[in-house]
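Proteins come first, then strands; the chains are lettered A, B, ... in the order of their sequence lines, and each starts at number 1.
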Amino acid sequence: MADLNDAQNEAIKYIDGPCLVLAGAGSGKTRVITQKIAYLIQQCNTPAHKIVALTFTNKAAREMKSRVSQIIKGSQSRGLTVSTFHNLGLKIIRSECKKLGLKSGFSIFDAQDSGQLIKELLLRDHDDAADLVQLLQSQISSWKNDLVRPSEAISYAKDSNELMAATVYEHYDRHLRAYNAVDFDDLILLPTLLFKDDPSVLERWQNRVHYMLVDEYQDTNTSQYLLVKLLTGVRCCFTVVGDDDQSIYSWRGARPENLALLASDYPKLKVIKLEQNYRSTRTILAAANHVIKNNPHVFEKRLWSELGVGDEIRIIQCKNEDQEAERTASALMSHKLRYNCHFQDYAILYRGNFQSRIIELKLQQLQIPYHVSGGTAFFSRAEVKDTLAYLRLVFNPDDDNAFLRIVNTPRREIGSSTLLKLGEYAQSRETSLFQASQEFGLQQILNQRNLERLLRFVHWIEKTQQNFETNCPAKAMKEMVDDTGYEAWLFEQNKNAKAAERKMENIQQLIDTVEKMTKKAEEEGDEASLKDIVNKLILRDLLEQQEEANDLDRVQLMTLHASKGLEFPYVFLIGMEEELLPHRNSIEENTIEEERRLFYVGITRAQRQLTLSLTSQRKTYGETSKTIPSRFLDELPEEGVIWENKDQPKPEEEKKAIAQTHLSHIRSLLGEGS
DNA sequence: GACAGATAAGTTTTT
DNA sequence: CTTATCTGTC
């Protein structure tokens with residue numbers, strides 16, 4: 001436990017009661033958590049399996065796990081729980097599903113599934129509901145995050161609109177249960193409500209948690225706050241770490257005031273501030289402090305650094321996004337060649353996922369290896385969603401969303417009118433589409449031919465279910481995909497065979513992943529249930545994991561949100577414009593402070609050098625329009641910041657670098673050829 | 001019931 | 001500029 005400062009040491013050794021660590025950016029908060037876990041296990045004889053550490057992202061959980069295992073020898077950390085809130089919730093729901101009225105194969109609805117369900121419910125009662133869906137979806141989500149149940153929402157409603165929304169909420173929840181499904185918010189909400197209502201269940205779980213640590217505490221919502229409070233109970237043995245300046249998730253229900261709430265809920269709360277920054281140069285830190293000064297603060301803190309002054313912050317002004325991408329890529333490349341760094345030392349950050357496209361293009365042109373993290377690209381692909389829907393239906397036949405998605409994909413000549421009739425029948429019988437398909441009464445409604453087609457599908461699903469019970473998951477999955485004739489259908493659909501091939505590769509990747517996960521689970525002695533794996537897939541763990549292993553030396557591309565908790569020697573932050581950062585909606589909704597924190601997060605990711613860029617015109621929806629420099633640029637200090645004018649010719653050095661890359665590329669091609 | 005072509009709509013951020 | 005949805009024809 002060498003090399004820790006006094007505050008860090010104090011935070012680690014204080015274990016007798018609730019502890020709040022206010023940790024500024026780069027102040028070593030992850031170190032505090034990992035070292036504290038080691039301290040608990042090695043010095044305090046706390047059994048590893050009674051310690052729970054919670055994070056918000058899979059990536060953070062993985063990182064923490066690996067850092068803990070670096071400190072303590074393998075066997076000692078066995079049984080330690082390091083997981084995301086959502087994964088812990090899933091674990092609790094899985095083992096308590098009977099109490100919650102769920103069957104074991106329950107599905108997890110992602111945001112898209114939820115949206116679809118809400119849309120359907122709205123269309124039943126209202127004519128033009130399309131633009132209401134998003135609004136209702138976020139309303140229902142906030143209700144769930146605030147522990148408001150449908151009945152309460154209905155009784156609190158003040159006008160007809162609110163009543164309508166609350167009614168949709170009630171229908172929505174009822175349908176979820178009927179589908180034997182939960183949504184993302186339920187993963188936290190259901191365990192919390194269960195613990196609140198059932199003391200015996202709560203006690204059982206409390207006994208499994210002797211000490212709890214929570215990372216990024218400013219991101220907790222009301223439901224998560226209560227979950228932690230309930231689980232830690234009267235023992236109050238927990239450490240939470242957070243930074244209100246890095247609160248960037250209030251749009252999804254996070255309550256940074258939970259930091260302050262803690263002090264009133266726990267009068268004995270020990271508050272420790274970490275103010276020494278070990279990450280960034282003084283120039284970068286000064287800029288970050290200067291910017292965040294514009295926000296009001298509950299907890300005052302002064303971040304300082306012992307590191308050198310370092311390079312100036314560069315601001316590159318470009319004509320358009322094309323040039324911005326080009327200059328970013330070439331500046332990166334010339335820097336890399338000059339200082340002989342690794343690609344993994346660089347990160348390119350942006351506000352929205354859509355901004356990665358042009359950058360990717362330019363990086364490809366310069367042969368720069370990169371990895372785009374986060375992003376829903378893979379999971380939003382039709383073929384991936386189809387395959388997952390097949391699995392969902394196999395394990396949970398009541399999942400009507402999955403049923404509708406794949407009942408006629410590939411074509412089984414089951415069309416919309418058949419499904420409409422089936423839907424009406426199922427509704428009247430109050431059962432799922434799958435169950436309804438097998439009912440006798442359906443003969444009255446559907447003609448012989450259509451009924452046969454439907455039953456053929458139902459029987460095939462049942463056959464597949466059996467196959468999954470007798471065969472190993474990956475094999476059964478492969479057979480399932482083969483059985484559907486999906487591949488042939490893809491080639492039929494896509495004129496160019498290449499696109500179809502790529503789609504099949506994506507499905508194969510899913511199968512490979514399942515195989516790997518199964519093997520891994522077996523090695524660790526867990527039950528290798530495909531149900532769990534599918535749910536983990538939907539929670540987005542795993543695939544990232546695989547990619548990470550392969551993507552060693554690559555430039556990292558990600559959103560500002562995704563970058564929180566990470567650090568890079570050299571950071572490029574692109575799109576410093578009004579309506580982008582701060583985002584247009586945030587300007588309208590007057591939530592500039594959160595955007596400022598987002599900028600703050602971006603700045604503080606950089607260890608040695610920070611480069612900002614902006615354009616004077618940008619293409620949106622295919623139309624170019626003028627842009628205004630971000631107001632945040634005005635908030636930077638004058639000292640230590642240099643502006644590069646757009647009219648300036650490209651620096652000679654960068655030109656040379658590009659030429660050199662091309663040359664070395666040609667050489668490598670020649671070399672391989674001979 | 002399938003499919004092509006037209007038209008409209010939409011990009012914040014994530015588990 | 002892409003993607004989702006609608007419409008009309010076969």
Show the numbers, then the answer: is there a side-chain contact (heavy atoms from CB on, under 4.5 Å) between A:R453 and A:E413? CA-CA 7 Å; A:R453 289 168 178 165; A:E413 297 180 297; 3.8 Å; yes
Apply side-chain contact (heavy atoms from CB on, under 4.5 Å) to residues A:L363 and A:L557 and explain how you reach the verdict. CA-CA 11 Å; A:L363 291 177; A:L557 270 64; 3.7 Å; yes
Hey, mind stepping through A:F56 and A:F85 against ring pair (Phe, Tyr, Trp, His ring centres under 6.0 Å) and telling me if it holds? CA-CA 6 Å; A:F56 278 84; A:F85 268 97; 5.1 Å; yes
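When heavy atoms are screened at a 4.0 angstrom cut-off, A:N408 is found touching the sugar-phosphate backbone but no base atom. When heavy atoms are screened at a 4.0 angstrom cut-off, A:T620 is found touching no nucleic acid atom at all. In this structure, A:F85 reaches neither bases nor backbone, as no heavy-atom distance under 4.0 Å exists between it and the strands shown. Across all strands, A:D183 comes closer than 4.0 Å to no nucleic acid atom at all (heavy-atom distances).
For A:D244, the side chain to side chain donor-acceptor pair (under 3.5 Å) criterion is met by no residue, not counting sequence neighbours. In this structure, the ring-ring contact (aromatic ring centres under 6.0 Å, His included) partners of A:F599, at least two apart in sequence or on a different chain, are A:F632.
Put simply, A:K119 has a side-chain N or O that comes within less than 4.0 Å of OP1 or OP2 on C:dT5. Note on A:N353: a side-chain N or O is less than 4.0 Å away from OP1 or OP2 of B:dT14.
Considering only side-chain atoms of A:K619, the nucleotide from B:dG1, B:dT15, C:dC1 that sits closest is C:dC1. The nucleotide whose nearest atom lies closest to any side-chain atom of A:T57 is, among C:dC1, B:dG1, B:dT15, B:dT15.
Here A:W251 packs flat against the base of B:dT13; its ring centre is closer than 5.5 angstrom to the base's six-membered ring, tilted by less than 30 degrees.
For the pair A:H583 and A:E413, nearest-nucleotide mapping onto DNA chain B gives the more 5' position to A:E413. When each of A:A111 and A:S586 is assigned the nucleotide of DNA chain B bearing its nearest heavy atom, the one mapping closer to the 5' terminus is A:S586.
The CG-C1' distance, from A:D219 to B:dT15, rounds to 12 Å in whole Å. Between the P atom of B:dT15 and the CG atom of A:L189 lies a distance of 20 Å, rounded to the nearest Å. Whole-Å rounding puts the A:N221 CG to B:dT13 C1' distance at 16 Å. We find that CZ of A:R453 is positioned 7 Å from P of B:dG1, with the value rounded to whole Å. The CD atom of A:Q355 sits 18 Å away from the P atom of C:dC1 (whole-angstrom rounding). For the pair A:E321 CD and C:dC1 P, the computed distance is 11 Å after rounding to whole Å. Whole-Å rounding puts the A:L580 CG to B:dT13 P distance at 11 Å. As rounded to whole Å, 12 Å separates atom C1' of B:dT13 from atom CD of A:E589.
Going from atom CG of A:N396 over to atom CZ of A:F403 covers 13.0 Å, rounded to the nearest 0.5 Å.
Smallest separation of non-hydrogen atoms from A:T328 and A:S613: OG1-OG, 4.3 Å.
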Under-3.5 Å N/O pairs linking protein and nucleotides 7-10 of chain C:
none

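Using atom C1' as the reference point in both C:dA4 and B:dT13, the two lie 22 Å apart (nearest Å).
Looking only at atom types and distance, the side chain of A:D183 has no donor-acceptor partner in the side chain of A:S114 under 3.5 Å away.
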